[in-house]
Amino acid sequence: MRGVTLAPSLHRRGPRRWPAAWCTLLALLGMLGMLLTGCNNNPYPLGAERENTLFYSFDERSPRYLDPTASYSNPESAYTMQVYEPPYGYHYLKRPYELIPKAAAQVVKPRYLDRNGQPLADDAPAEAIAESVYDIPIRPGMRYQPHPAFAVDEQGRHRYHSEQPLGAAQLGQKRSPFEFAHLGTREVVAEDFVYALKRHATTRIETPVFAVFSEYVIGLKAYADLIKREDAKLLAGLPEDLRDKPFLDFRRWPLAGATAPGKHLLRIRLKGKYPQWNYWLALPFTAPMPWEADAFYAQPGMSEMGLSLNQWPVGSGPYMMAEFIRDRRHVLVRNPEFHGETYPCDGMPGDREAGLLDDCGKPMPFIDKLYVTIEKEKVARKEKFKQGYLDVPEIERPEWGVDFRNDADDSEAVAALFKQRGFQFPVMTDISNWYLGFNMLDPVVGKGATPEEDARHRKLRQAIAIAVDWEEGYGRIFKHKGGEAAHGPLPPGLFGSREGQGNFHNPVTHRWIDGKAVRRSIAEARQLLVEAGYPGGREAVSGKPLVLNYDFQRAVTPEFKSENDWMAKQFAKLGIQLEIRATDFNQYQDKTLRGKHQIFWGGWLADYPDAENFLYLLYGPIGRSKSQGDNYTNYENAEFDALYRQLQAQDDGPVKQALIDKMVAIVQQDSPWCFGYFPWGGLAFQQWVHNGKPSILIRDMAKYYRVDANTRAARQAEWNAPVRWPLALGALALLAAVWLARRSFKARETATARRAAPQA
């Protein structure tokens, strides 16, 4: 009897394999699922577009300083001016700029005293004025944002202060003030403004305006010496690299020039006459600082956890920092303790027609949250704006409107797209400049050790100033961020500036020919280079090529590479090799503090509408590498400095104009700057962002903005609708795969059955 023989495959008991067709089917199903779930390119959490939030970006790095005593850079002002409230501000809509009260109840005029303390008339000559007294009433009822620094227990003692030292268990792994169990607040009082002014005498952090303040605030220089001695006592015996130093309590030592005669009365006493002081009262340097916050962040362990005023400012303004993820995201939210303001009801001609008065009298801020994310590439940032995912590309930069308008001018299709999407690009001319600076401490391009060497170095700077053709670069090539070539440090629109008037020009770099300024020839620049000791761009003695370093304050992204290549070509006209040493902004600041820069790119957005604010950048006592000031060139000229001190006491008029003319002539000849250009300015807003008006001086702009979130959500959906045809193709491919899989499976089943059939 014959046995039954089974098909060979049925003898094996190993794992069963999926048919290839089924594997293909599963893969297609997965791909289709990814298509269905991945068609939304929104970079924010689901539903965020319908929230009352303003979305914008920052580039490269998080702000370094949000402590108002140390913070003095434009990217930092995008945060500090939303959080802090100095005594004064500027009217949002009026031009020329008009000071208005913020933390103060009113803008005050100083009263003048002579050397015997007797009052003088308001029009007394500057030389007769020994002292200016500012009695500033502080608005009652203002309160600080919720913060653990103010939290008290049932006995009224601070929960997280040195009265009850914060233990390691309480601090734990907290990386935000809002992770503490208890928060508190209190009223802003005049003593907080006194405390803020005293902090400029500290030795522990950068104090960029101490040199200016100490010249005028009575007793501040001596106060700084006192603080230095007292701080040394506190730090005696402690490691030099200790991150969390004992609390330096400025309340312990009085300052004659800053007092609080009443709970809501601030008195500031200045030496002589200084009309610009009111403008300083509109900057965060003079905003109130609660001593409790200073004490809270001074405790052990805070710095290690990233808990300090540089990440978590404490103010009374409309917003407060709620999330700080370094180099990634910052979120500010409405301060629930903000006293409130109303939108202005008056402005300039055209403001009403532009819709800038539609919110007259309504309470501010309008927006609940400011959501700021990093965008390192300009192209990506512009694309997100065009997709509707950025309400404004960047809140504080004044170039975006010009950039987008330039894109529209270059392409009819782009112009049509911008018009169809309702983008708003308001433009302006405002008080700012860009320049190329020379570090005067540098042994090659700076001040020489002897008069003869100094003259040679000056001729080298002058030759470079002629060679860099700003009219070509930022008038014709880089139009998206260009402007008018500068002949001095003062932009047009300020009293004292002669830019664009008569035959004003820089005689070092230009000649006046047929009614216009014409740049001097490269031949003239090469002759200056010979006289400087570098014929043909080589050292006259050794024959070595002259190599100079260009310290650029940004990472060289593609957009900056073309500009840096252009700059290198300008130096190459003289046979000079220019080495690009690019860093991020924080590293650049460190380099300048150490005086290790040589040639650098600089710019200035005015702090206040006065010529002194620009000439200040060349004032010797505030040299960057000596006193942490804003004179990045470290330029010192005794005559210029003396004229600057005279200028500070002058009201606008013929005497002030004459002083300015002399100072401009000095720096034209010395050439510590290669005067660059005065940029055109403009901002970019989506159609659903209201109340956008460009400005250099107004930095607390967020509270004025209003967004229509429903319109934003609708436009984002419209502009980013998924492309459907790949899904249709996917569905067809899936049906074909199912059919093929079914046919293949049936064929295999039939073949298996045949092999398994019994044989006779």
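Hydrogens, waters and symmetry mates play no part in the numbers below; they use all other heavy atoms, side chains included. The first residue in the sequence is number 1, and the count goes up from there.
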Quick check: closest heavy atoms across Ala282 and Tyr90, and the distance to 0.1 Å? CB-CE1, 4.0 Å
The single option from Leu270, Thr207, Thr286 that satisfies side chain to side chain contact (heavy atoms under 4.5 Å, CB included) with Phe213 is Thr286
Under the side-chain contact (heavy atoms from CB on, under 4.5 Å) rule, what do Asp551 and Ile599 come out as? Steps first, then yes or no, please. CA-CA 6 Å; Asp551 294 288; Ile599 299 174; 5.9 Å; no
Indicate the ring-plane relationship of Trp280 and Tyr72, choosing parallel, tilted or perpendicular according to the 30° and 60° boundaries. tilted
Measure up the Trp434 and Trp601 rings against each other and bin them: parallel (under 30°), tilted (30 to 60°), perpendicular (over 60°). parallel
Could you walk me through whether Gln553 and His597 pass the side chain to side chain donor-acceptor pair (under 3.5 Å) test, one step at a time? CA-CA 11 Å; Gln553 58 177 276; His597 55 310; over 6 Å; no
Under the side-chain contact (heavy atoms from CB on, under 4.5 Å) rule, what do His457 and Phe438 come out as? Steps first, then yes or no, please. CA-CA 11 Å; His457 290 191; Phe438 301 94; over 6 Å; no
Between the side chains of Ser71 and Glu76, does any donor sit under 3.5 Å from an acceptor? yes
Just to verify, what does Gln387 make a side-chain contact (heavy atoms from CB on, under 4.5 Å) with, not counting sequence neighbours? Asn41, Lys384, Tyr389, Asn720
Presence of salt bridge, Glu394 and Arg381, under 4.0 angstrom: yes
Considering only heavy atoms from C-beta outward, does the side chain of Phe285 approach that of Pro68 to under 4.5 Å? no
Donor-acceptor pair between Asp442 and Gln598 side chains, under 3.5 angstrom: yes
Residue pair Tyr644, Tyr616: steps toward the ring-ring contact (aromatic ring centres under 6.0 Å, His included) verdict: CA-CA 8 Å; Tyr644 178 83; Tyr616 150 90; 7.0 Å; no
Has Lys662 got more than 12 heavy atoms of other residues, nucleotides or ligands less than 6.0 Å from its NZ? no
Between Gln589 and Thr592, is any side-chain donor less than 3.5 angstrom from a side-chain acceptor? no
All pairs passing side-chain hydrogen bond (donor to acceptor under 3.5 Å, both in side chains) where residues 484-501 contributes a residue, at least two apart: Arg498-Asp661
Is the closest side-chain heavy-atom distance between Glu472 and Ile477 below 4.5 Å? yes
For residues Tyr588 and Phe600, determine if any side-chain heavy atom of one lies less than 4.5 Å from a side-chain heavy atom of the other. yes
With the side chain counted from C-beta on, respond yes when Asn439 and Thr633 share a heavy-atom pair under 4.5 Å apart, and no when they do not. no
Within-4.5 Å side-chain heavy-atom neighbours: Trp566 and Val468: yes
Please determine, by modelled atom types, if Glu206 and Tyr65 share a side-chain donor-acceptor pair under 3.5 angstrom. yes
Could you please spell out the steps behind the side-chain contact (heavy atoms from CB on, under 4.5 Å) verdict for Tyr550 and Leu548? CA-CA 7 Å; Tyr550 181 36; Leu548 299 178; over 6 Å; no
NZ/NE/NH1/NH2 to OD/OE distance under 4.0 Å, Glu524 and Arg511: yes
More than 12 non-hydrogen atoms from neighbouring residues, nucleotides or ligands closer than 6.0 Å to NZ on Lys573, yes or no? yes
Minimal heavy-atom distance between Asp391 and Phe385, with the atoms involved, is O-CE1, 3.7 Å
Tell me, yes or no, whether the heavy-atom count around Lys591 atom NZ, taken from other residues, nucleotides or ligands under 6.0 Å, exceeds 12. yes
Salt bridge present between Lys382 and Asp403 (N-O < 4.0 angstrom): yes
Asp67 and Asn310: side chain to side chain donor-acceptor pair (under 3.5 Å), yes or no, with the steps? CA-CA 5 Å; Asp67 183 328; Asn310 286 325; 5.6 Å; no
With a 3.5 Å cut-off and no angle check, do the side chains of Tyr216 and Gln276 form a donor-acceptor pair? no
Carboxylate-amine/guanidinium contact Glu215 Lys271, below 4.0 Å: no
Candidate pair Arg645 and Tyr619, rule side chain to side chain donor-acceptor pair (under 3.5 Å), full reasoning: CA-CA 9 Å; Arg645 286 189 286 271; Tyr619 182 49; 3.2 Å; yes
Lys/Arg N to Asp/Glu carboxylate O, Asp59 vs Lys376, below 4.0 Å: no
Leu683 and Pro398 have their tightest heavy-atom pair at CD2-CA, 3.9 Å
Lys/Arg N to Asp/Glu carboxylate O, Arg461 vs Asp670, below 4.0 Å: no
Does the plane of the ring in Tyr274 sit parallel, tilted or perpendicular to the ring in Trp277? Use 30° and 60° as the thresholds. tilted
Would you mind checking if Asp565 and Lys569 are paired as a salt bridge, meaning a charged N to carboxylate O distance below 4.0 Å? no
Step by step, work out the salt bridge (charged side-chain N to carboxylate O under 4.0 Å, His left out) result for Lys419 and Glu412. CA-CA 10 Å; Lys419 183 178 180 181; Glu412 290 185 5; over 6 Å; no
Close side-chain approach of Met348 to Asp351, heavy-atom, < 4.5 Å: yes
What I want to find out is whether Asp651 reaches Lys273 closely enough, with some N-O distance under 4.0 Å, to be called a salt bridge. yes
Mind running side-chain contact (heavy atoms from CB on, under 4.5 Å) on Phe560 and Phe552 for me, showing each step along the way? CA-CA 10 Å; Phe560 286 128; Phe552 192 68; 3.7 Å; yes
In short, Ala684 meets Trp400 closest at the heavy-atom pair CB-CB, 4.1 Å
Between Phe425 and Phe404, is a ring-ring contact (aromatic ring centres under 6.0 Å, His included) present by the stated rule, with each step listed? CA-CA 8 Å; Phe425 304 129; Phe404 279 113; 5.3 Å; yes
Lys/Arg-Asp/Glu bridge criterion (N-O < 4.0 Å) met for Arg405, Asp409: no
Shortest non-hydrogen contact from Met567 toward Leu578: CG-CD2, 3.8 Å
What about the rings of Phe675 and Tyr435, do their centers lie closer together than 6.0 Å? no
Classify the side-chain pair Trp604/Asn613 by whether it contains a donor and acceptor separated by less than 3.5 Å. yes
Quick check: closest heavy atoms across Pro284 and Met81, and the distance to 0.1 Å? CG-SD, 3.2 Å
Rounded to the nearest 0.5 Å, what separation is found between the NZ atom of Lys544 and the CD atom of Glu539? 6.5 Å
Any chance the side chains of Asn564 and Ser562 put a donor and an acceptor closer than 3.5 Å? no
Spell out, as yes or no, whether a donor-acceptor pair under 3.5 Å connects the side chain of Arg699 to the backbone of Glu396. yes
If only side-chain N and O atoms count, and only distance matters, is there a donor-acceptor pair under 3.5 Å linking Tyr97 with Ser695? yes
Using the test salt bridge (charged side-chain N to carboxylate O under 4.0 Å, His left out), find all partners of Lys656 that sit at least two apart in sequence or belong to another chain. Asp610, Asp652
